[in-house]
2 protein chains.
Amino acid sequence: MSNNRNKEVENLAACFKALSNPHRLRIFIKLITCCSPGTSCPVKDGMSACVGELGKDLGLAASTISHHIKELHTAGLLRMERSGQRIECRVDVDALRKLSGFLAGWGIGISPATLDHATSIELKDQTNGR
Amino acid sequence: MSNNRNKEVENLAACFKALSNPHRLRIFIKLITCCSPGTSCPVKDGMSACVGELGKDLGLAASTISHHIKELHTAGLLRMERSGQRIECRVDVDALRKLSGFLAGWGIGISPATLDHATSIELKDQTNGR
DNA sequence: TCGATTATTCGACATATATCGAAGTATACC
DNA sequence: GGTATACTTCGATATATGTCGAATAATCGA
């Protein structure tokens with residue numbers, strides 16, 4: 001229970017850490033926007049782009065981009081799937097929603113006093129899908 | 001413009017960084033909940049607690065707590081005000097709302113394709129109030 | 001099979017972060 | 001003034017992070 005709660009806070013912190021680096025945040029933003037509905041996008045499927053595209057314009061070495069994307073992936077914020085030579089990345093909408101829910105619970109003025117509920121949003125279980 | 005956009009991403013990243021450490025996140029959560037309406041709280045004023053209270057139960061040295069709270073403060077997530085011997089901390093609801101707004105824009109499924117708007121939420125200007 | 005493209009892993013390195021204890025500052029109370 | 005309480009600043013130190021380039025792996029096309 002309390003142990004569980006601990007794990008939730010750790011997960012939450014891990015997500016924030018993944019977004020805490022400007023380069024990574026930029027990658028994440030690009031992923032979210034570059035392929036959103038209505039935008040022309042190299043990949044037809046919504047919210048998806050390959051590693052190379054995401055890293056463009058950041059002025060970083062390929063290995064560094066790869067490292068950053070791995071961080072986002074490990075935090076559960078994005079999913080990766082091989083497609084030929086490329087590896088497609090897409091936002092994990094669930095994780096994003098949960099993260100957003102945590103902040104929205106208060107910030108926006110909606111029901112506070114609900115830590116029990118708010119921190120029990122189960123962030124992506126670290127053991128599956130990676 | 002683009003320079004401005006850069007600064008916004010930096011600010012956003014700085015906020016995430018402040019919340020990326022489990023100890024700091026715990027402090028932040030405590031601050032948000034311990035004194036929310038309806039809860040009995042050492043400080044009557046909603047969402048406020050002194051440095052010492054926030055750091056309790058974390059098993060950290062006072063200097064470390066101080067350091068963490070300073071980080072949260074620098075990121076603009078909380079305000080501090082001297083009150084006698086104590087220093088009262090309260091969440092900066094504006095910053096929280098903006099942070100939350102950034103994630104909520106997508107995550108929750110509300111209008112995507114609005115990066116222009118979403119990243120132009122002006123996060124607290126680093127130069128005032130600290 | 002060979003070369004091109006795309007991405008990851010590895011080792012090195014500089015910088016940043018988390019942490020402590022000791023010393024310093026500010027305020028309150030006697 | 002002197003002492004207690006609350007917090008911050010400073011210096012030290014161990015660990016984590018961001019970055020690169022070189023080497024490796026996976027896939028495609030000729």
Side-chain angles (χ1 to χ4, degrees), chain A residues 6 9-10 12-28 30-31 34 42-43 45 48-75 77-90 130, chain B residues 6 9-10 12-28 30-31 34-35 41-43 45 48-75 77-90 130:
Chain A
N6 271 358
V9 173
E10 303 282 337
L12 212 38
C15 286
F16 286 133
K17 175 177 289 185
L19 298 175
S20 75
N21 175 282
H23 286 145
R24 273 199 303 269
L25 182 54
R26 247 175 260 274
I27 288 174
F28 190 69
K30 198 181 294 189
L31 186 57
C34 92
V43 182
D45 221 346
S48 167
C50 73
V51 174
E53 285 165 327
L54 291 175
K56 248 185 320 189
D57 308 325
L58 289 182
L60 296 175
S63 55
T64 304
I65 306 289
S66 185
H67 164 70
H68 281 318
I69 289 186
K70 187 166 143 190
E71 296 278 298
L72 288 166
H73 180 237
T74 301
L77 291 171
L78 57 81
R79 298 169 169 279
M80 305 177 73
E81 190 180 357
R82 178 130 233 159
S83 165
Q85 284 171 294
R86 313 185 159 218
I87 295 186
E88 297 294 337
C89 304
R90 61 181 57 250
R130 316 210 186 110
Chain B
N6 271 359
V9 173
E10 303 283 334
L12 212 37
C15 286
F16 287 133
K17 176 177 288 185
L19 297 176
S20 73
N21 177 283
H23 287 145
R24 274 198 302 269
L25 183 53
R26 248 175 260 275
I27 289 173
F28 190 70
K30 198 182 292 188
L31 186 57
C34 92
C35 301
C41 170
V43 181
D45 220 346
S48 166
C50 74
V51 173
E53 285 165 327
L54 290 176
K56 247 185 323 189
D57 309 325
L58 289 181
L60 296 176
S63 55
T64 305
I65 305 289
S66 185
H67 163 70
H68 281 318
I69 289 187
K70 187 165 142 193
E71 296 278 299
L72 288 166
H73 180 238
T74 301
L77 290 171
L78 58 80
R79 298 168 170 282
M80 307 179 72
E81 191 179 357
R82 177 130 230 158
S83 165
Q85 284 170 293
R86 311 186 160 218
I87 295 186
E88 297 293 337
C89 305
R90 62 180 57 251
R130 319 212 186 106

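Residue numbers begin at 1 in each chain, while the letters A, B, ... track the order of the sequences.
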*Taking only N and O in the side chain of H67(B), is any of them less than 4.0 Å away from OP1 or OP2 of dC7(D)?*
no

*Measure from CD1 on I87(A) to P on dA25(D) and round the result to the nearest Å.*
15 Å

*asked:* With a 4.0 Å limit, can you tell me whether R24(A) has a side-chain N or O closer than that to the phosphate oxygens OP1/OP2 of dG18(D)?
replied: yes

*Once you round it to whole Å, what is the distance between P of dT17(D) and CG of L25(A)?*
17 Å

*In terms of the nearest nucleotide of DNA chain D, which residue is placed more toward the 5' end: A62(A) or R82(B)?*
R82(B)

*asked:* Quick check on side chain to side chain contact (heavy atoms under 4.5 Å, CB included): which of L54(A), L31(A), I27(A) does L72(A) satisfy it with?
replied: I27(A)

*asked:* It should be established whether T64(A) places a side-chain nitrogen or oxygen under 4.0 Å from OP1 or OP2 of nucleotide dT19(D).
replied: no

_How many whole angstroms separate atom NZ of K17(B) from atom C1' of dA16(D)?_
12 Å

*Between I65(A) (CD1) and dT19(D) (P), how many Å, whole number?*
9 Å

*What orientation do F16(B) and F16(A) show, parallel under 30°, tilted 30 to 60°, or perpendicular over 60°?*
parallel

_Contact boundaries on DNA chain C for chain B, cut-off under 4.0 Å to non-hydrogen atoms_ = dT17(C) to dA28(C)

*E81(A) has an atom CD; how far is it from atom P of dT27(D), in whole Å?*
13 Å

_Any donor-acceptor N/O pair, T74(A) side chain to K70(A) backbone, under 3.5 Å_ = yes

*asked:* If the threshold is 4.0 Å, N to carboxylate O, is there a salt bridge linking E10(B) and R26(A)?
replied: yes

*Select base, sugar-phosphate, or nothing to describe what G59(A) touches, counting heavy atoms under 4.0 Å on all strands.*
sugar-phosphate

*Between dT9(D) atom C1' and M80(B) atom CE, what is the distance in whole Å?*
14 Å

_Closest-nucleotide ordering on DNA chain D, the 5'-leading residue of S83(A) and H23(A)_ = H23(A)

*asked:* Quick one, E53(A) with R86(A), criterion side-chain contact (heavy atoms from CB on, under 4.5 Å). Give me CA distance, side-chain angles, the key distance, then yes/no.
replied: CA-CA 10 Å; E53(A) 285 165 327; R86(A) 313 185 159 218; 4.0 Å; yes

*Could you work out which one of dG21(D), dG18(D), dC7(D) sits closest to the side chain of A61(A)?*
dG21(D)

*Taking side-chain hydrogen bond (donor to acceptor under 3.5 Å, both in side chains) as the test, write out the residues that go with Q85(A), two or more places apart.*
none

*Measure from CZ on F16(B) to P on dT17(D) and round the result to the nearest Å.*
18 Å

*Are any of K70(B)'s side-chain N or O atoms less than 4.0 Å away from OP1 or OP2 of dT9(D)?*
yes

*Under 3.5 Å: donor-acceptor pair, side chain of S66(B), backbone of S63(B)*: no

*d(CG, L60(B); C1', dC7(D)) in whole Å*: 15 Å

*What nucleotide, of dT27(D), dA4(D), dA22(D), holds the atom closest to the side chain of Q85(A)?*
dT27(D)

